[in-house]
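Data first, discussion second: the structure below is written as C-alpha cells.
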Amino acid sequence: MAESTFATIQHLLAECSEDERHALFQALRADHQIHQLEQTFGARAEVILEAIHRAPELTRRMLRGVIADAAFAQSVVPALAQRGWRDDTPDGNHAFDHRLRDTVGAVTVQVKLQRSERGQPVVTNGRRFGLAAGMYMVEPQRTRTGKSLDGNGEETKTRPYRYGEFDILAVSLQPSCGDWGAFRYTLGNWLLPGAGPNEIATYQPVAMRPNEDWTDDFDVAAGWLRAGMVKRIGNTNQVEDLLSRQ
DNA sequence: TCCTTCGCGCTCTGGATCAG
DNA sequence: CTGATCCAGAGCGCGAAGGA
C-alpha cells in the first residue's frame, strides 16, 4: 500500500464515529488472530476472556500468578537480552519459573506476587522479623499440600520450597504499584528458614525500597549470587534466632 | 493483633493398581 | 502384557482459621 493511501485511511478513521470504528474493528478482527492461544484452544480471544471473567475468584487468583510470570517473560527477559542474558528455560515443571544464562552461567528464577489481602498489599509492622516497621510480604510456598517420602523413608512436606531449588526470587510489586513490569529481587539462599530441614519459610518480608537485601535490578541480584555471600535477609537478633532453629 | 498454616477451583500428569 | 481407571501431587494466590 502506498504511504499516502495509508495516511488517507488513518485520516478517514479519525473522522469515523465510535460505532463506525467499532464495526471496522470487528471486520478486521474477523480474520486477524490476536494470539496463538486462540488456535490452541480453538476459541476466540473474546471467549477466552469471557471464560476468565466468569471463573470463580480462586481461578482468577491463579491467573494473577500466571500473569506475573508472563509479565516477567515479556518485560524483564527481553530487557535482559540487551544485557547479554538469554532465555534458557527448559520444558516441563521445575521449582523455578525461568532460567537465564549469560557467559558466566545459568541463573534460575522463581516469580511470586507480593502478598495482598482484600485487594491491598500486605504491610507488616516488622516486629515479627525485628526489622523497621513497614515491610511488604511475599509467600514463597507451593500452592497445594502434599507429602512424599525422602531417602530415609521419612514423610516430608512437599509444599515448602527448599534452599537450592531456585537462585533468585522475583517478587512482582504489581499489587502495590500497579505495574506488572515491576519486580524486586533477592537470593533464594538469603530467605528466612522454615521449620523443617532445608525448608524456606512460607512468609518472607520484602523491603519497601531497594536495600542491601532487595534490589530492583536483576543484574545486581545475579552479582550477589555470584559473589557467593552467605547471609539472610534482615540482619537482626530475631533473624539470628530463626537461623538457630535450623 | 499479627503471624503462620491450610485449603480451595480447575486442570494436567505420572505412578499405582486392577481387569482382561 | 496391555489398556483402563483411579488418585495424589502440582501449577497459581488469597481468605480465613488457628496459634502465639
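No hydrogens, no waters, no symmetry mates; every other heavy atom, side chains included, goes into these values. In this text the structure is predicted, and so the values were computed from the model without any measurement. Reminder, nothing fancy here: chain letters follow the sequence lines and each chain counts from 1.
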From CD of Gln174(A) across to P of dG13(C) the rounded distance in Å is 12 Å
Side-chain donor or acceptor of Gln120(A) paired with backbone N/O of Ser116(A) under 3.5 Å
no
Donor-acceptor side-chain pairing of Ser17(A) and Asp19(A) below 3.5 angstrom:
no
The side chain of Thr124(A) lies closest to which of these nucleotides: dC14(C), dG9(B), dC3(B)?
dC3(B)
CD of Gln141(A) versus P of dC3(B): gap in Å, rounded?
16 Å
Base, sugar-phosphate, or nothing: which does Gln120(A) touch, judged by heavy atoms less than 4.0 Å apart?
nothing
Find the distance Met137(A):CE to dT4(B):P and express it as a whole number of Å.
7 Å
Given dC8(B), dT5(B), dC3(B), identify the nucleotide with an atom nearest to the side chain of Thr202(A).
dT5(B)
With the side chain counted from C-beta on, respond yes when Val77(A) and Leu100(A) share a heavy-atom pair under 4.5 Å apart, and no when they do not.
yes
Listed partners of Ala43(A) passing side-chain contact (heavy atoms from CB on, under 4.5 Å), at least two apart:
Phe41(A), Val47(A), Ile48(A)
Could you go over nucleotides 11-13 of chain B and give all protein N or O partners under 3.5 Å, atom names and distances?
none

Return the value, rounded to whole Å, for the distance between atom NE2 of His98(A) and atom P of dG11(C).
14 Å
Measure from CG on Asp69(A) to P on dG11(C) and round the result to the nearest Å.
12 Å
Partner residues of Val230(A) under the side-chain contact (heavy atoms from CB on, under 4.5 Å) criterion, sequence neighbours left out:
none
Protein-nucleotide distance (Arg159(A), atom CZ; dA8(C), atom C1'), rounded to Å
15 Å
Using the C1' atoms of five pairs at each end, what's the angle between the two axes of the helix from dT1(B)-dA20(C) to dG20(B)-dC1(C), to 10 degrees?
60°
Are Glu139(A) and Arg115(A) within salt-bridge range, i.e. N to O under 4.0 Å?
yes
Taking only residues at least two apart or on different chains, which pairs with a member in residues 49-90 of chain A satisfy ring-ring contact (aromatic ring centres under 6.0 Å, His included)?
Phe72(A)-His98(A), Phe72(A)-Phe183(A), Trp85(A)-Phe218(A)
Using the test side-chain hydrogen bond (donor to acceptor under 3.5 Å, both in side chains), find all partners of Thr103(A) that sit at least two apart in sequence or belong to another chain.
none
Quick one: Gln110(A) CD to dG13(C) C1', roughly how many Å, whole number?
12 Å
Report, one pair per line, the protein and nucleotides 16-20 of chain C atoms (nitrogen or oxygen only) whose separation is under 3.5 Å.
unit_1: dA16(C); atom_1: N6; unit_2: Arg115(A); atom_2: NH2; d: 3.3

OP1 or OP2 of dG11(C) under 4.0 Å from side-chain N/O of Arg142(A)
yes
Can you sort out which residues in residues 59-68 of chain A have a heavy atom within less than 4.0 Å of DNA chain C? Ascending by number, please.
Arg61(A), Met62(A), Arg64(A), Gly65(A)
For residues 173-182 of chain A, tabulate all N or O donor-acceptor pairs below 3.5 Å that involve a side-chain atom, not counting sequence neighbours.
unit_1: Gln174(A); atom_1: OE1; unit_2: Arg64(A); atom_2: NH2; d: 3.2
unit_1: Ser176(A); atom_1: OG; unit_2: Gln114(A); atom_2: OE1; d: 2.6
unit_1: Ser176(A); atom_1: OG; unit_2: Leu173(A); atom_2: O; d: 3.1
unit_1: Asp179(A); atom_1: OD1; unit_2: Gly181(A); atom_2: N; d: 2.7

Would you mind classifying the nucleic acid contact of Tyr161(A) as base, sugar-phosphate or nothing, using non-hydrogen atoms under 4.0 angstrom?
sugar-phosphate
List for me each residue that meets side-chain contact (heavy atoms from CB on, under 4.5 Å) alongside Arg142(A), sequence neighbours excluded, and say none if there are none.
Ala95(A), Arg159(A), Tyr161(A), Glu165(A)
What residues, two or more places apart in sequence or in another chain, satisfy side-chain hydrogen bond (donor to acceptor under 3.5 Å, both in side chains) together with Arg21(A)?
none
Under 3.5 Å side-chain donor-acceptor pair for Asp213(A) and Thr186(A)
no
Rounding to a whole Å, what distance do you find between Phe72(A):CZ and dG11(C):C1'?
18 Å
Do any pairs count as a salt bridge (Lys or Arg N to Asp or Glu O under 4.0 Å) and have a residue in residues 66-84 of chain A, sequence neighbours left out, and if so which ones?
Arg83(A)-Asp217(A), Arg83(A)-Asp219(A)
Is it true that a side-chain atom of Arg184(A) and a backbone atom of Ala207(A) form a donor plus acceptor pair closer than 3.5 Å?
yes
Under 3.5 Å donor-acceptor pair, Glu139(A) side-chain atoms to dC6(B) base atoms
yes
